2 protein chains.
Amino acid sequence: MKADPEKTRIKEKRRLGLVLVLTGEGKGKTTSCLGMAVRAVGYGMRVVMIQFIKGALHYGELDGAKRLAPEFELVPMGKGFVGIMGDTLEFAEHVEAAKEALAAARRKMLSGRYDIVILDEINVALHLRLVELSDVVSLIKEKPENVHLILTGRHAHQEVIRLAHLVTEMRNIKHPFDLGIEAQKGIDY
Amino acid sequence: MKADPEKTRIKEKRRLGLVLVLTGEGKGKTTSCLGMAVRAVGYGMRVVMIQFIKGALHYGELDGAKRLAPEFELVPMGKGFVGIMGDTLEFAEHVEAAKEALAAARRKMLSGRYDIVILDEINVALHLRLVELSDVVSLIKEKPENVHLILTGRHAHQEVIRLAHLVTEMRNIKHPFDLGIEAQKGIDY
């Protein structure tokens, strides 16, 4: 696990902060962001992940993420899953929470304190109309040049895709649920 | 970032170790594995990643991965990229290295010391005929029931896909290289 920094270090170039979109039905969107955080903290970069859907991360992910602190910061916002079992909130409360998450994301992004800003599940929040497209577009357009901005979640909006530099779709080719296998710790949660 | 374990802990079920394949041209295959490692160490699970293509991870990833030690272990095997610029090795040397990587993977998988075994870029090694399909199939079939086995890399073989419980394809929808943007630290490497 030893790297010789003299050998492998790539000459530093001027950073052009990218807009990344991770979407699709398949696994690996948020997981991929955690992996990017591993890599970024390895470079001494600072990363913040704002969670638009509270409860989307399980305690293993929360505990694991602590190993990447203080360079990696997790900001749980939102009020849990919308419109599914156990959701007792008014839609307006979800909208309010998502609006606060977007405001927090904007502050973090403009603070100069982070190299990478991850808006986890924001595509879902937009799809559910918890946030306005115009507000997400403004946020993307306000991105400081040297900040990487990552937007995750299914159902990425066409306009968000248009504004992105990199878009990856995680496609489900085969899923254990289809085989009647229940969710497994370390894999599904 | 606080989780209340009493509230969020899901009742432990009997583990059924899965075979996962992460493939496709898009970003996020190895990155996703690093993210899974974050989550797994958060649960106190032990993870080993055997790298079939040496040099596929950059020093940021290697340094970042240390934050997940000792539960996460990285085993660089292989002899670098095959047949591309700077490759001065005989093909037979790559084959030898890949064979050793497969033997190491098998030992680790059967050791009882790991909950998750990641064979990073093994699909590429198989595609390049550095390892034999029959050897990879045997490895998958020998997997202990409680171990999750993850195979990454482009060009996953149909037989490997057939044996997997979960297959995700990372699809490139848009890539910054297409826009003439060079590789960015923290994103591309």
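From a predicted model like this one, the values you see are computed outputs, not experimental measurements. Here is how names work: the chains are called A, B, and so on, in the same order as the sequence lines, proteins then strands, and each is numbered from 1.
Electrostatic pairing of Glu169(B) and Lys174(A) does not count as a salt bridge here, judged by no charged N lying under 4.0 Å from a carboxylate O. The residues Arg15(A) and Glu182(B) are annotated as not salt-bridged, no charged nitrogen and carboxylate oxygen being separated by less than 4.0 angstrom.
With respect to chain B, the highest number of heavy-atom pairs below 4.5 Å among Gly44(A), Gly35(A), Gly17(A) belongs to Gly35(A). With chain B as the partner, the residue from Lys29(A), Glu25(A), His148(A) showing the most heavy-atom pairs under 4.5 Å is His148(A). Between chain A and the residues Ala40(B), Ala37(B), Cys33(B), Gly186(B), the most heavy-atom pairs under 4.5 angstrom are made by Gly186(B). Top candidate by heavy-atom pairs under 4.5 Å with chain B, chosen from Val167(A), Leu34(A), Val41(A), is Val167(A). Between chain A and the options Arg39(B), His175(B), Met170(B), heavy-atom pairs under 4.5 Å are most frequent for Arg39(B). Per-residue heavy-atom pair counts under 4.5 Å with chain B were compared for Asp115(A), Leu16(A), Ile116(A), and the maximum is reached by Leu16(A). If you tally non-hydrogen atom pairs under 4.5 Å between each of Gly26(B), Gly28(B), Pro176(B) and chain A, the highest count goes to Pro176(B).
Linking ILVMFWY side-chain heavy atoms closer than 4.5 Å, directly or via other members, places Phe91(A) and Val124(A) in a single hydrophobic cluster. Hydrophobic clustering, with ILVMFWY side chains joined whenever heavy atoms are under 4.5 angstrom apart, groups Leu133(B) together with Phe52(B).
Annotation for Lys99(B): atom NZ does not count as buried by contact number, only 12 or fewer foreign heavy atoms lying within 6.0 Å. Other residues, nucleotides and ligands contribute at most 12 non-hydrogen atoms within 6.0 Å of the CZ atom of Arg106(B).
Interface residue Ile181(B): only side-chain heavy atoms are found under 4.5 Å from chain A. Residue contact with chain A, scored on non-hydrogen atoms closer than 4.5 Å, involves the side chain of Met45(B) exclusively. Within the 4.5 angstrom heavy-atom criterion, atoms from both the backbone and the side chain of Ile187(A) approach chain B. For Leu18(B), the part lying near chain A is the side chain, with the backbone staying farther off; criterion is any non-hydrogen pair under 4.5 Å. Of the two parts of Leu68(B), the backbone and the side chain both hold a non-hydrogen atom closer than 4.5 Å to a non-hydrogen atom of chain A.
Distance CG/Leu22(B) to CD1/Ile173(A): 11.5 Å, rounded to 0.5 Å. Taking OG1 of Thr168(B) as the reference point, atom CZ of Arg171(A) lies at 10.5 Å (rounded to 0.5 Å).
The closest side-chain heavy-atom distance from Glu61(B) to Val38(A) is not below 4.5 Å.
Contact annotation for residues 156-166 of chain A against chain B (heavy-atom separation below 4.5 Å, listed by residue number): Ile161(A), Arg162(A), Leu163(A), Ala164(A), His165(A), Leu166(A).
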Evaluate side-chain contact (heavy atoms from CB on, under 4.5 Å) for Glu71(B) paired with Arg67(A), printing each intermediate quantity in order.
CA-CA 11 Å; Glu71(B) 297 94 330; Arg67(A) 303 278 280 267; 2.7 Å; yes
